[in-house]
Amino acid sequence: MAAAAAARAVSVGPGLRGLQGTLPLVVILGATGTGKSTLALQLGQRLGGEIVSADSMQPQEMDTEKVIDRKVELEKEDGHVLHKRLSQVDPERAAKLHPHDKRKVARSLQVFEETGISHSEFLHRQQAEEGGGPLGGPLKFPNPCILWLHTDQTDERLDKRVDDMLAAGLLDELRDFHRRYNQKKVAENSQDYQRGIFQSIGFKEFHEYLITEGKCTPETSNQLLKKGIEALKQVTKRYARKQNRWVKNRFLSRPGPSVPPVYGLEVSDVSKWEESVLEPALEIVRSFIQGHQPAAAPVKMPCNETENKRSYHMCDLCDRIIIGDREWAAHRKSKSHLHQLKKRRKLDSDAVATIESQSISPDRDKELKEKGSPGQNDEELKSSV
């Protein structure tokens, strides 16, 4: 499939066990198309390591008759209804989640339904464990070595990645997957590209092409194929940007005792892979194996330690829930919020003007009562004549 692994893990193998008691777990992070698989294979071969894929969307055989997960069932309900239910059983967790984030809301509800303990309580227990912190419990692996492959993701680089996948047989893989797992669902109008493997990049973009192949003219089929390829290229670029934001937010912008250092490797120039990526990576990993700090400095990013990424804000003007200090500040400066603020101020101003026009001073009120209204005086004059 088009979605590349979000991370690769390499654990140094038996050949080097005599050097250090606790061998490092080497984690290779990076956006799609940065060369994670290549580096993982090279490190594994050089150091005798075992490679484990950590791709959440890795294609695999699917049991179409599987008992449906409770979380999936919950996600079918309205997000605001789910959020209200969560606020009743776990108000602390609900205050940190947006109603539109149905997956996390459903997960927290699932935890409570299946255990009788709130998700917040579970998280507090993890954080209270030795080695835990604000982000969660202690690290599962005590000696992680994290390498981040990063680059200025140019459009040409990612477009070429898609072209290379197509040349390597992506369409045949898509056709086979469609025939085995999705063709029947399409016929029954029950396909869902928001669940499991079907939501991965590279499948739903070719939906029209796959369901009409062999049923339309070659010209139409070719147009749909081009449309799918263009859609895949666009979503691949968005996915790469999202992956980089995740790495920065999760590892680089959150200082704390439970966040391990991250070592950056620049991969923009493929022709300099050996000197810019492989050799520095080997030096870093060997330093971890030998138990001393690498010569390379970990990546640092400026951050605001007082910023609350899970603070709850309710904008009455826009009728929206905003989670996080940074998001709240951005919302208050957004065009939509400023437009609503302008409308509210105008309404308030009009209301004040109306009230003022209808109000009468006490002296003027007394004068009118003594003389009578203009209309009343006219009637009195006519009757006297």
Side-chain angles (χ1 to χ4, degrees), residues 1-8 29-38 52-69 71-73 75-76 100-104 106-107 153 155 157-246:
M1 304 295 285
R8 292 287 192 268
L29 300 172
T32 182
T34 53
K36 298 182 296 294
S37 299
T38 299
V52 180
S53 172
D55 185 358
S56 64
M57 292 298 170
Q58 186 70 25
Q60 56 185 317
E61 294 295 323
M62 299 172 60
D63 181 4
T64 56
E65 301 299 326
K66 184 178 178 182
V67 177
I68 298 176
D69 190 274
K71 177 172 172 288
V72 174
E73 284 292 308
E75 287 180 20
K76 295 178 181 178
H100 294 169
D101 195 351
K102 290 176 65 174
R103 292 186 182 181
K104 290 185 179 179
R107 173 57 180 160
Q153 291 286 357
D155 290 350
R157 181 188 183 97
L158 294 174
D159 285 346
K160 183 179 184 303
R161 173 174 174 78
V162 172
D163 292 335
D164 290 343
M165 290 191 295
L166 290 167
L170 174 63
L171 287 180
D172 288 336
E173 183 179 347
L174 291 173
R175 290 189 188 99
D176 180 63
F177 190 82
H178 176 69
R179 176 182 56 79
R180 297 170 66 184
Y181 300 117
N182 203 42
Q183 201 165 37
K184 183 180 178 182
K185 292 180 179 292
V186 171
E188 297 172 348
N189 195 29
S190 62
Q191 81 277 5
D192 186 354
Y193 293 134
Q194 304 302 319
R195 308 283 181 219
I197 193 66
F198 294 101
Q199 65 182 310
S200 61
I201 295 175
F203 188 71
K204 55 185 177 295
E205 287 75 20
F206 290 91
H207 171 77
E208 289 184 89
Y209 172 75
L210 292 170
I211 65 173
T212 59
E213 190 176 24
K215 301 177 183 178
C216 61
T217 64
E219 292 78 8
T220 300
S221 184
N222 189 49
Q223 289 177 354
L224 292 175
L225 176 58
K226 290 181 178 179
K227 180 180 177 182
I229 293 174
E230 182 59 29
L232 178 57
K233 289 182 177 181
Q234 292 301 321
V235 77
T236 298
K237 294 166 191 173
R238 290 197 299 269
Y239 184 52
R241 290 193 291 269
K242 182 178 179 180
Q243 288 176 312
N244 280 324
R245 284 197 303 270
W246 182 85

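Everything numeric in this text was worked out from a predicted model, so none of it was measured. Quick note: residue numbers are just sequence positions, from 1. Just the heavy atoms: all of them, side chains too, but no hydrogens, waters or symmetry mates, feed the values below.
- The distance from the CG atom of Leu29 to the CD atom of Gln243 is 10.0 Å, given to the nearest 0.5 Å.
- Closest approach of Cys216 to Ser221, counting heavy atoms only: SG-N, 3.7 Å.
- Here Glu205 contributes atom CD and Leu210 contributes atom CG; the two are 10.5 Å apart, rounded to the nearest 0.5 Å.
- Atom CD of residue Gln234 and atom CG of residue Asp155 lie 7.5 Å apart, to the nearest 0.5 angstrom.
- To the nearest 0.5 Å, the span separating OG1 on Thr212 from NE2 on His207 amounts to 9.0 Å.
- With contacts defined as side-chain heavy-atom distances shorter than 4.5 Å, the pair Asp163/Lys233 qualifies.
- Salt bridge status for Glu75 with Lys71: present, with a side-chain N to carboxylate O gap under 4.0 Å.
- Comment: Arg175 engages Asp172 in a salt bridge, judged by a side-chain N to carboxylate O separation of less than 4.0 angstrom.
- Here Asp159 pairs with Lys237 in a salt bridge; the nearest charged N to carboxylate O distance falls below 4.0 Å.
- No side-chain heavy atom of Leu224 sits less than 4.5 Å from a side-chain heavy atom of Phe206.
- The main-chain N or O of Ala31 is never found under 3.5 Å from a side-chain atom of Lys242 such that the two would form a donor-acceptor pair.
- Interatomic distance, CG of Leu171 versus CD1 of Ile229, reported as 6.5 Å (0.5 Å rounding).
- Ring planes of Phe177 and Phe203: perpendicular class, angle over 60° (limits at 30 and 60°).
- The pair Arg179-Asp176 counts as a salt bridge, with a side-chain nitrogen and a carboxylate oxygen less than 4.0 angstrom apart.
- Counting only heavy atoms from C-beta outward, the side chains of Lys227 and Glu230 never approach each other to under 4.5 Å.
- Side-chain contact of Thr236 with Arg161: a donor-acceptor pair under 3.5 Å is absent, judged by distance alone.
- Remark: Ile211 CD1 to Asn182 CG distance equals 9.5 Å, nearest 0.5 Å.
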